[in-house]
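Each remark here refers to the structure printed beneath this line.
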Amino acid sequence: MRKPRPPGSADIYHFAAYKPYLHALVGPKNKRSGLRGQIAKTLKIQATYVSQVLYGNADFSLEQAESLSDFLNHTSEEKLYFLLLIQKDRAGTQRLEKHFYDQIQSIRDKRLVLTERLGASHTLSSENQAAYYSSWHFSAIHMALTIEGMTTASHISAYLGIPPVRVNEVLEFLCKAGLAEKNHSRYSPSVEHVRLGKASYNILKHHSNWRNKAIESLEYETLSDLHYSAVVTLSKIDALALKESILDFIKESLKTIRASEGQEICALNLDFFSLKRG
């Protein structure tokens, strides 16, 4: 088990330089901070030198940075990122600084890709993907099988309002694709989660299917439904931070979903994007 982080809260991946990150943890120069003293004690240096690094032109050495990363209880991935930030700011040439900056940006870009953040899941062949994402019926019927007692075509048809003939067609496909199993007239899921990467040709169709269903659901909205739309302006760094927060929410929500008993099918659509096109 990881020990608790020391006081201060900041997501290191929101920062492209190490000093602003440490400022977020320690606070402004004119504010007394016990964390500043703890850093000095950990690195066996004077507190005045810590201030020179944080608010002046001095830099921590890589050895000091490695010890500081341990004190801040970084994960191995966070430590790598922190050391890259240090090396970028210590670089003696623009070429070397760009070398480290490109590595930093690569890590930040990968974190903004949903499949990188959430991890890989079951994948389908290209042919089966094209069929599965051609209509909302496939994923809805697939998920219906995870509800206890929802094991027959007639049950699913009544629940989703899809004609029985169509439900049977989809169930047959799910079995052939290895996503479901049939035992006499009853079905069960063999794989519960399928995920598409942003590079897939089917991702546009998948998003369109469920956003169209979201629009349709507005016509019979109930108290248990939630629809929210807003157009806002914010800084670039806050836009990045907000996307990170949304990704964290998705990751945490999937933990809840996987541990939850299947009783009802719900659709989760999130849209957050820039309107800039020029």
Side-chain angles (χ1 to χ4, degrees), residues 109-147 150 153 156-157 159-163 165-181 187-221 224-230 242-258 260 262-275 277:
D109 289 345
K110 287 183 69 175
R111 283 183 58 80
L112 294 178
V113 176
L114 197 60
T115 50
E116 290 284 347
R117 189 68 162 269
L118 303 183
S121 188
H122 184 83
T123 57
L124 297 170
S125 67
S126 297
E127 182 180 355
N128 285 338
Q129 273 192 24
Y132 188 86
Y133 295 104
S134 64
S135 165
W136 68 272
H137 292 170
F138 291 87
S139 52
I141 292 171
H142 183 195
M143 288 301 97
L145 294 177
T146 67
I147 296 178
M150 193 75 65
I156 295 171
S157 175
Y159 186 96
L160 295 175
I162 301 174
V165 172
R166 175 60 170 168
V167 173
N168 279 312
E169 289 175 353
V170 173
L171 288 172
E172 183 178 351
F173 164 83
L174 294 176
C175 290
K176 289 182 179 179
L179 300 177
E181 297 175 349
Y187 295 85
S188 61
S190 53
V191 173
E192 294 189 2
H193 302 285
V194 180
R195 187 173 297 142
L196 271 176
K198 65 183 295 185
S200 171
Y201 292 112
N202 297 295
I203 193 71
L204 178 60
K205 186 63 176 174
H206 177 54
H207 289 319
S208 297
N209 287 340
W210 286 107
R211 276 151 186 80
N212 287 335
K213 289 298 294 180
I215 293 171
E216 180 184 316
S217 73
L218 291 172
E219 298 179 3
Y220 49 90
E221 185 174 7
S224 62
D225 294 340
L226 173 64
H227 296 281
Y228 177 78
S229 300
L242 185 54
K243 181 172 181 179
E244 289 268 2
S245 297
I246 293 171
L247 287 170
D248 287 337
F249 162 73
I250 294 172
K251 188 172 183 178
E252 289 303 311
S253 69
L254 289 179
K255 292 180 182 178
T256 300
I257 291 167
R258 287 175 182 137
S260 181
Q263 295 179 338
E264 186 172 353
I265 306 174
C266 297
L268 174 61
N269 293 335
L270 288 173
D271 300 289
F272 176 68
F273 55 92
S274 172
L275 296 179
R277 290 296 178 267

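Quick caveat, the model's predicted, so the values are computed rather than measured.
Under the side-chain contact (heavy atoms from CB on, under 4.5 Å) criterion, Tyr220 pairs with Glu216, Ser217, not counting sequence neighbours. Qualifying side-chain contact (heavy atoms from CB on, under 4.5 Å) partners for Gln263, counting only residues two or more places apart in sequence or in other chains: Glu261. Partners of Glu252 according to the side chain to side chain donor-acceptor pair (under 3.5 Å) rule, which considers only residues two or more places apart in sequence or in another chain, are Lys255. A search for side chain to side chain donor-acceptor pair (under 3.5 Å) contacts involving Asn209 returns nothing, not counting sequence neighbours. With sequence neighbours left out, Glu219 forms a side-chain contact (heavy atoms from CB on, under 4.5 Å) with no residue at all. Applying the side-chain contact (heavy atoms from CB on, under 4.5 Å) rule to Leu270 yields the partners Ile246, Phe249, Ile250, Leu268; only residues at least two apart in sequence or on another chain are considered. Every residue meeting the side chain to side chain donor-acceptor pair (under 3.5 Å) condition with Ser139, not counting sequence neighbours, appears here in chain and number order: Trp210.
Considering only heavy atoms from C-beta on, Ile265 comes within 4.5 Å of Tyr159 through its side chain. Tyr187 places none of its side-chain heavy atoms less than 4.5 Å from the side chain of Ile156. Taking 4.5 Å as the limit, every side-chain heavy atom of Phe138 sits out of range of all side-chain heavy atoms of Asn128.
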Solution key, residues 168-176 side-chain donor-acceptor pairs under 3.5 Å, sequence neighbours excluded:
unit_1, atom_1, unit_2, atom_2, d
Asn168, ND2, Pro164, O, 3.2
Glu172, OE2, Lys176, NZ, 3.3

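A distance of 8.5 Å separates CG of Leu160 from NE2 of His137, quoted to the nearest 0.5 Å. The CD atom of Gln129 sits 5.0 Å away from atom CG of Asn202, with the distance rounded to the nearest 0.5 Å. Rounding to the nearest 0.5 Å places OH of Tyr133 at 13.5 Å from NZ of Lys205. The CE atom of Met150 lies 11.0 Å from the CD1 atom of Ile141; values are rounded to the nearest 0.5 Å. Note that the OG atom of Ser135 and the NE2 atom of His206 stand 12.0 Å from one another [nearest 0.5 Å]. Atom CG of Asp225 is separated from atom SG of Cys266 by 8.0 Å, given to the nearest 0.5 angstrom.
At least one donor-acceptor pair closer than 3.5 Å links the side chain of Ser134 to the backbone N or O of Ala131.
Between Ala180 and Ser190, the shortest heavy-atom contact is N-OG, 3.1 Å. The minimum heavy-atom distance between Pro189 and Thr146, with the atom names listed, is CG-CG2, 4.1 Å. Between Arg211 and Asp271, the shortest heavy-atom distance links the atoms NE-OD1, 2.5 Å.
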